[in-house]
2 protein chains.
Amino acid sequence: MSKVPPVLLDQQLCFSIYSASKKFNHFYQSALAPFSLTYPQYIAMLVLWEDAPLTVHQLGERLELDSGTLTPLLKRLEKQGWVSRVRSQTDERQVLIHLTEMATAKREEVYARIGQCQTLLGMTDKEIDDTMAELATVKSQLDTVSRQRLITKDIDSDN
Amino acid sequence: MSKVPPVLLDQQLCFSIYSASKKFNHFYQSALAPFSLTYPQYIAMLVLWEDAPLTVHQLGERLELDSGTLTPLLKRLEKQGWVSRVRSQTDERQVLIHLTEMATAKREEVYARIGQCQTLLGMTDKEIDDTMAELATVKSQLDTVSRQRLITKDIDSDN
DNA sequence: TTTCAGAATATTGTATACAATTAAATTGTT
DNA sequence: AACAATTTAATTGTATACAATATTCTGAAA
């Protein structure tokens, strides 16, 4: 009975976003190649440059990543000399992520590189703000829906 | 000398997109849990429902994924009964991905589920179109820039 | 036809992601 | 103090991504 409309990949907002996300990844990954930073490593550094030291948990809240992702990522950043991981004295459950001197020294250089990337992108501040505003709408919808004990099977019943 | 403006995570379009992409992933992943499809598996099925059979290469062009990602993904889809992978008779380099009967049978059911997801998202067609249009702009910029033999180190020189 | 450049897929290695579990430390309650 | 509940990181297992390489096959040129 039920004749449901076809779902075309090219009309899916999710794929649009998925694809854009991957392209941005590559873009920054190559722009940051001189620093040997992957994109997730780069955004971790951004947060740390804003606010270090931070616990793994605090960093994870900003990046929306959990320790399963962050622990190995931070170990790699440590091995490459960007951060140090230090057990907190006051609460031994926590690990504090500190910037190294190298990280502090390279901050401006990375900022400058990112500035160039933004220039290359060639979007006006307004275009960027508008796009981010639309994405914020999408994200808040997704959060709301996810929180609402998602879709129950029985909505399907048009058979 | 050079005082470069700080780079704040929350003002980065890339992070906005990265974050939205992950949320969409979870959203569809849970919506499609009854079918045991991950998000990348789901978009692969979408393309196949449009056009099967397709070679790995053709599928990869639509999804912007290479064989390094697709080969194992398709093996998992095969194991779960969604597709069959068949060496082409006419060109033995190629592997044709066919839909199984189960996949054909479940198509409408999945389409219906996605329809519900779109309803839950609560965005108008116009909002979705507008957002996708803005993302298309971003993506074409990223493509252009990437194609242009990317950023040379010397642009940095403001020291 | 032999050879060889190019094409298609698979494989290897590295790095995310994230659910689920574990382990250790802390807090709250009695 | 004792101990259950919670919190924080780390670990385990599965699934993407993607660069780089290997393998096999095809088609074109010599």
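Computed from heavy atoms alone, side chains included, the values below leave out hydrogens, waters and symmetry copies. In the text below, chain A, chain B and the rest are named by the order of the sequence lines, each starting its count at 1.
- Distance His57(B) NE2 to dG6(C) C1': 12 Å, rounded to the nearest Å.
- What separates CD1 of Ile97(A) from C1' of dA9(D) is a distance of 10 Å, to the nearest Å.
- For a distance-only test at 3.5 Å, the side chain of Arg93(B) fails to qualify as a donor-acceptor partner of the base of dT9(C).
- Nucleotide dT8(D) holds its C1' atom 13 Å from the CZ atom of Arg85(A), rounded to whole Å.
- Nearest to the side-chain atoms of Lys22(A) among the listed nucleotides dC18(D), dA15(D), dA17(C) stands dC18(D).
- Closest approach to the Gln94(B) side chain among dA9(D), dA8(C), dA15(C) is made by dA8(C) (side chain taken as heavy atoms from C-beta onward).
- Nucleic acid contact for Thr69(B): base, since at least one base atom lies under 4.0 Å from a heavy atom of the residue.
- Residue Ser67(A) places a side-chain atom within donor-acceptor reach of the base of dA10(D), judged by atom type and a 3.5 Å distance cut-off alone.
- Going from atom CD of Gln29(A) over to atom C1' of dA15(C) covers 9 Å, rounded to whole Å.
- Salt-bridge annotation for Asp143(A) and Lys139(A): absent, with no side-chain N of the basic residue lying under 4.0 Å from a carboxylate O of the acidic one.
- OP1 or OP2 of dA17(C) has at least one side-chain nitrogen or oxygen of Tyr18(B) nearer than 4.0 Å.
- In this structure, Gln41(B) reaches the dT16(D) phosphate: one of its side-chain N or O atoms is under 4.0 Å from OP1 or OP2.
- One interatomic measurement links the two molecules: CG of Leu70(A) to P of dA19(C), which rounds to 13 Å at whole-angstrom precision.
- Leu37(A) has its CG atom 16 Å from the C1' atom of dT14(C), to the nearest Å.
- Distance from the side chain of Thr71(B) is smallest to dA10(C) among dA17(D), dA10(C), dA17(C).
- Position along DNA chain D of the nearest nucleotide to Asp91(A) versus Gly68(B) favours Asp91(A) as the more 5'-ward residue.
- Judged by distance alone, the side chains of Glu64(B) and Ser19(A) do bring a donor and an acceptor atom under 3.5 Å apart.
- One interatomic measurement links the two molecules: CD of Gln58(A) to C1' of dT7(D), which rounds to 13 Å at whole-angstrom precision.
- In this structure, Glu64(B) places its CD atom 9 Å from P of dC18(D), rounding to the nearest Å.
- Taking the side chain as every heavy atom from C-beta outward, Trp82(A) and Phe35(A) approach each other to under 4.5 Å.
- Of the two residues contacting DNA chain D, namely Lys23(A) and Pro72(A), the nearest-nucleotide position lying further toward the 5' end is that of Pro72(A).
- The side chain of Glu92(A) lies closest to dA25(C) when the candidates are dA25(C), dT9(C), dT16(D).
- Between Val110(A) and Tyr42(A) the shortest side-chain heavy-atom distance falls below 4.5 Å.
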